[in-house]
Every structure is written in structure tokens, then in C-alpha cells.
There are 2 protein chains.
Amino acid sequence: MTNTTKNYLIERGIKPSLQRIAIMDYLLKNRTHPSADEIYQALCESIPTLSKTTVYNTLKLFAQQGAALSLEIDEKNIRYDGDTSIHAHFRCKSCGEIIDLPVDQVNMVDPKHLEGFVITEISAFYKGLCDKCNHEGSLMQNKSIN
Amino acid sequence: MTNTTKNYLIERGIKPSLQRIAIMDYLLKNRTHPSADEIYQALCESIPTLSKTTVYNTLKLFAQQGAALSLEIDEKNIRYDGDTSIHAHFRCKSCGEIIDLPVDQVNMVDPKHLEGFVITEISAFYKGLCDKCNHEGSLMQNKSIN
DNA sequence: TTCACTGCAAATCATTTGCAAGGCC
DNA sequence: GGCCTTGCAAATGATTTGCAGTGAA
């Protein structure tokens, strides 16, 4: 599996290292759209020397090389997604969870409005209440994550 | 005009004050998707006692009351838009400019995937190179704003 | 040896918070 | 008087930067 991840990086022009493989591996296995800090916390046990700087650098590198998506869906931190296929995201304002949404039509904007433009990224975010939080009603301590 | 803005705020349940009117006025007249700091810089001349705290608080209030949109299109700062009608945004990675895009179809995601969800916000961002930067090529000092 | 990768510590900087003062009803 | 708004200063916290050490080709 680690070897698969290693090749995954090489294919995307990223020199594999212990840290990079571990971070990519984490992204591919955990589809929770983690922040840099969450990844750091999860990996620093198995890689005690890991530094947050490396996690930040690596995630930025991954995003540049198209090996991961950086999501600006959360005002607080940048979230990362190892799934680079075309899809939208939903963020629950109550529990904070980010859920993937399949996309039927990507081009919402009439191409005539984009003449002369080069589009390199399209992102669509939905926010609101997820099924679970919606039905729990406002019973829970609504931490108003916003 | 100021009086119009005042009523605009009242209609949205926002108590008007000198500062709030000035900020809303700025948003309605400047469709540049400014950051809190840009608004502060623009207004602190005419309102010397204005504090950044007030600008931040006010913009957050506007966003809550639906009098403005807060855009997370820029990793660096939150941008605000006084135009609350449905539209998408394009951000040029070279010059950093944010451009409004008319939207033809809002629902890219099949509603069946959103059953049980409450959607309160939909945002769509495009990034790339704007017409101008595209044709200038990489001649300019590409500050790689990203 | 070279050069890229790593990681610590310090810096940066947008945003928030605590709190006292002022203003409006 | 009481409450909401303001604004200063300090705090917070995510991300970046400087720089020295380390390791692989």
C-alpha cells in the first residue's frame, strides 16, 4: 500500500519521502477533508520527528502538483482532499463535517462569459445543516460553528 | 444616497449607525469585493476614529443578516460583496482581481443527494487567468498570487 | 559534494476578544 | 439608567519564513 502511494507521488512528479508518503497515504485513506493540523496530530505519533512545517509544505506541494485539493470551505483552516476528481462539497454549519457531493453539471456559468479566460479550478461549496444535525434539531449544544 | 443606505440597513434588521452606513455604502458603491482592511483604509480618512474592530464586527453582522456576502475565495483574507444576488465569482491567480459571473443554473448537484439537508448557502468559485492577464502572457512580473 | 528535504524557532498577519468609554432610547 | 455600539490594546492561531542540520544521489 505504501508502495502504491509512493508510485502515486512519482506519477505526479513528487519526489517521495517518508513524510510525503505518510501524508499522501493519510489523505487517500481518510476522506475527512482534514486540516494540516489534523494530519500532523494523526501522524506525529508514528513519525515523532515530523514537524508541522513539513506538513504545511507538503500539502502545498500536493495542491500545486494536483495530488490533492485545497478547500477554502472553512474560514478557520484550509482543508485538504485527496480525492481530486470533480465533485462539490457540503459543510454542515452545526457539526462542521464536510461531505462530498457528486456533481451532475460542472459548467454552471455560460462559457460565453468566460471567453479569453483560462480556468484552472472550479469549486462549489454548499453550506447548511446536514441530515443528522437537521433532525437532531437545535437540541444539541449548537456550537454555532458557522 | 446615505439615506437610501440607511433604509437598506433598517429593512434588513440592522440598526444604522454612522459607521455601519459608511461601510454598507462602500460595499454598494465599490463592487471590488474588498477585504475588511481595504474598507478600513478607504474609510478611515473620512471617519478618523473608525477602528478595524468595528469594520470586522460590522461585516460579520452584514453577512449574518444577509446584507452582504462573505467570500472565502482568497486564502489570505475574507472578501465581502455587497451584491447578494445569485452569482458566481472568478478570481484571477495573476492579478488577484475578483470578477462576478452570471449563473445560468444554480443547482449543479442533483437534489436527491441533498435529501434531509438544509442548504443555506451555495457558492461557486472559478480560478485561473483573466482575459487581461492571459493575453499579457507571462511578461508581467507574475507575482504568483495564487 | 551538492542539493533538496526536514524541522525548529521566530515572525507574520488576519481576525477575535476583553473591556472601558460613549451614545442613544 | 440601561443597553447597544464603538474602539483601543492584547490575544489568538493558522500559516510562513529564516536558517541550520541531515540525508540521499
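Both backbone and side-chain heavy atoms feed into the values below; hydrogens, waters and symmetry mates do not.
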Identify each atom pair where a protein N or O and an N or O of nucleotides 19-24 of chain C are less than 3.5 Å apart, giving names and distance.
none

>> According to salt bridge (Lys or Arg N to Asp or Glu O under 4.0 Å), who are the partners of B/Asp131, at least two apart in sequence or on a separate chain?
In response: none
> For A/Glu38, which residues count as a salt bridge (Lys or Arg N to Asp or Glu O under 4.0 Å) partner, sequence neighbours excluded?
Replying inline: none
>> Any residue in residues 30-41 of chain B with a heavy atom nearer than 4.0 angstrom to DNA chain D? Just list them by number, or reply none.
In response: none
> Taking all atoms of both residues into account, what is the closest heavy-atom pair of B/Ile23 and B/Val55, and its distance?
Replying inline: CD1-CA, 3.9 Å
> salt bridge (Lys or Arg N to Asp or Glu O under 4.0 Å) with A/Asp74: which residues, sequence neighbours excluded?
Replying inline: A/Arg79, A/Arg91
>> Going by ring-ring contact (aromatic ring centres under 6.0 Å, His included), name the residues that satisfy it together with A/Phe117, two or more places apart in sequence or in a different chain.
In response: B/Phe90
> Counting distance only, does the side-chain N/O of A/Asn134 pair as donor-acceptor with the main-chain N or O of B/Gly116 below 3.5 Å?
Replying inline: yes
>> How many whole angstroms separate atom CG of B/Asn77 from atom C1' of C/dT12?
In response: 13 Å
> A/Ser17 side chain N/O closer than 4.0 Å to the phosphate oxygens (OP1, OP2) of C/dA4?
Replying inline: no
>> To check you understand the geometry: which heavy-atom pair defines the closest contact between B/Tyr26 and B/Ala42, and what is its length?
In response: CE1-CB, 3.4 Å
>> Tell me which pairs pass salt bridge (Lys or Arg N to Asp or Glu O under 4.0 Å) where either residue lies in residues 40-61 of chain A, with sequence neighbours left out.
In response: A/Asp37-A/Lys52
> Among residues 44-63 of chain B, which contact DNA chain C at a heavy-atom distance under 4.0 Å?
Replying inline: B/Thr53, B/Tyr56, B/Lys60
> Rounded to whole angstrom units, what separation is found between the NZ atom of A/Lys76 and the C1' atom of C/dC13?
Replying inline: 14 Å
>> Using a strict threshold of under 4.0 Å (side-chain N to carboxylate O), is an ion pair present between B/Lys132 and B/Glu97?
In response: no
> Who pairs with B/Lys112 by side-chain contact (heavy atoms from CB on, under 4.5 Å), at least two apart in sequence or on another chain?
Replying inline: B/Asp110, B/Glu115
>> Per the salt bridge (Lys or Arg N to Asp or Glu O under 4.0 Å) rule, what does the pair list look like for residues 7-22 of chain B, sequence neighbours excluded?
In response: none
> What's the shortest heavy-atom distance between A/Asp100 and A/His33, and which atoms?
Replying inline: OD1-NE2, 2.9 Å
I'd like a list of close polar pairs between nucleotides 1-3 of chain C and the protein, N/O only, cut-off under 3.5 Å.
none

> Which atom names give the shortest non-hydrogen contact between B/Cys95 and B/Cys92, and what distance separates them?
Replying inline: N-SG, 3.5 Å
> chain A on DNA chain D: first and last contacting nucleotide, 5' to 3', under 4.0 Å to a heavy atom?
Replying inline: D/dA14 to D/dT17
>> Which heavy atom of B/Asn77 sits nearest to which heavy atom of B/Ser35, and what is that distance?
In response: ND2-CB, 3.9 Å
>> Under a 3.5 Å distance rule, please check whether A/Thr84 uses its side chain to pair with a backbone N or O of A/Ala67 as donor and acceptor.
In response: no
